[in-house]
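Structure, as structure tokens:
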Amino acid sequence: MTVLTLQYPVHTLDGHELLPAGVALTGAVLAEMVVEGQKKTFADVSLLGYGTTRRDLAAYVREGNYRTILGDEADYAALLALMEKIRLPVPVLESLDHFKNNDTYTYRHVLMVFALSSTIARRMMRSFSDILQEASAGPLHDIGKICVPMEILKKATFLRRSERMYLEHHTMAGYVLLSYYLGNFGGIAPAVALDHHERGDGSGYPRGIALRGRLVEIVAACDVYDALISPRPYRQSSFDNRSALEEITRMAEQGKISWEIVRLLVALNRKDRPPPEECAVSLEKRGKSPDGNLYGVILDDEPEGSTPAR
Ligand SMILES: [Fe+2]
Ligand SMILES: [Fe+2]
């Protein structure tokens, strides 16, 4: 496995530096850090019972097409029953407060990726422990964003290349933070944090490896879909649902994300809930992408004023 090197430091919310910039994430470095974390005791608390999570989730799932995707009352009750079982260390849950207070886009996004990925997992997986692991990893996938400056996270114009690099740091930072708080750097939640921006064709980051593994693939696909249909600081409006489904279909066609999961997302968007294998997906251009969408538009740092490149 490629050994990654941190480009920026990883620190906790209260400013404790776990690892400095320039450190290679070797097994020995991570093991030493995990042992340090194990000397502290982080109380586990219910995700649903924490702060306003239950109320906020209930409000978000009634918005837009989430109401269709997350189904009827029985489906929602099953989702809540699953969520009731998730307990996470307090500092991990405090990251939700951090986003709620400072960056509501990210707050809403992590809760919605949790809801979407749990819904997909319940339909794709037989083992309850797999479903629970998937559900637990969903709300944590972007925790590394606590190590990215707010002005970059919330920037409403082009990102400069250096800012884009800092943003991409959230994958490694999330991996380090979750390894520390969960006391294990080989677990599924740290792996999801590290790999949820990898793609099936190797075009993602931070390692550029081929995205493999059902648990990570579910979060990766739900992450893209939610980012398209949700409000974002860098564009005037969200993708309409049809354009978003076409966008993820195109990504499946290019081998970037899983066909099976894309079909499920398409099926969940139909009120009649057809079996995913019978669900026709097409690339016909029926929807319309939003105007002024700056996602993926990078501006070079040098020279000043160079042309934006995708
Ligand atoms: Fe992310
Ligand atoms: Fe995300």
Side-chain angles (χ1 to χ4, degrees), residues 4 6-8 10 47 53 56-57 60-61 66 69 88 92-93 95-96 98-100 102-121 134-150 152-155 159 163-179 188-200 203-209 211 213 215-235 238-239 244 247-248 251 256-258 261-262 265 293-296 298:
L4 290 162
L6 288 176
Q7 302 297 315
Y8 306 89
V10 179
L47 170 63
T53 314
D56 296 335
L57 186 81
Y60 291 145
V61 300
Y66 277 108
I69 299 168
L88 295 167
V92 170
L93 290 170
S95 70
L96 293 181
H98 172 74
F99 295 133
K100 181 169 180 168
N102 299 292
D103 176 12
T104 47
Y105 294 108
T106 299
Y107 178 65
R108 178 195 152 107
H109 170 71
V110 294
L111 287 185
M112 290 295 91
V113 169
F114 155 77
L116 278 176
S117 52
S118 305
T119 302
I120 298 282
E134 178 70 53
S136 308
L140 310 183
H141 76 282
D142 273 341
I143 188 175
K145 286 185 176 172
I146 69 169
C147 298
V148 178
M150 260 315 147
I152 294 179
L153 285 185
K154 295 169 78 171
K155 195 168 178 189
L159 283 186
E163 292 170 327
R164 175 76 202 180
M165 271 176 67
Y166 215 145
L167 182 65
E168 293 184 358
H169 171 61
H170 83 275
T171 52
M172 282 191 254
Y175 175 62
V176 169
L177 285 162
L178 291 175
S179 300
I188 183 64
V192 167
L194 182 64
D195 288 341
H196 69 278
H197 288 283
E198 300 291 1
R199 296 291 174 252
S203 63
Y205 66 86
R207 288 181 283 173
I209 55 165
L211 175 65
L215 290 157
V216 184
E217 284 182 283
I218 292 176
V219 172
C222 294
D223 182 57
V224 175
Y225 178 63
D226 180 72
L228 292 169
I229 61 169
S230 299
R232 279 295 203 248
Y234 48 76
R235 64 181 175 228
S238 314
F239 276 64
E247 196 65 32
I248 59 171
M251 288 178 74
K256 292 182 189 295
I257 55 175
S258 153
I261 300 163
V262 167
L265 282 167
N293 179 26
L294 299 179
Y295 180 76
I298 310 291

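Counting starts at 1 for both ligands and their atoms, following the listed order. In this chain, numbering begins with 1 at the start of the sequence shown.
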Indicate yes or no: at least one non-hydrogen side-chain atom of [X] is less than 4.5 angstrom from one of [Y].
{"X": "Glu198", "Y": "Arg207", "result": "yes"}
{"X": "Asp195", "Y": "Ile209", "result": "yes"}
{"X": "His196", "Y": "Asp142", "result": "yes"}

Quiz item: Under 2.8 Å from the Fe ion (ligand 1), which protein N/O/S atoms are there?
Solution: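 Per the 2.8 Å query on the Fe ion (ligand 1), atoms found are Asp142 OD1, His170 NE2, His196 NE2, His197 NE2.
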Quiz prompt | Ionic contact status for Asp226 with Arg108, cut-off 4.0 Å | solution =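 No salt bridge links Arg108 with Asp226.
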Quiz item: Among all residues two or more places apart in sequence or in another chain, which pass the side chain to side chain contact (heavy atoms under 4.5 Å, CB included) test with Pro190?
Solution: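 Checked Pro190 against side chain to side chain contact (heavy atoms under 4.5 Å, CB included); matches are Tyr175, Leu178, Ser179, Leu182.
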Practice problem: Take the angle between the ring planes of His170 and Tyr205 and call it parallel below 30°, perpendicular above 60°, tilted in between. | Solution: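 Geometry flag for Tyr205 against His170: perpendicular rings.
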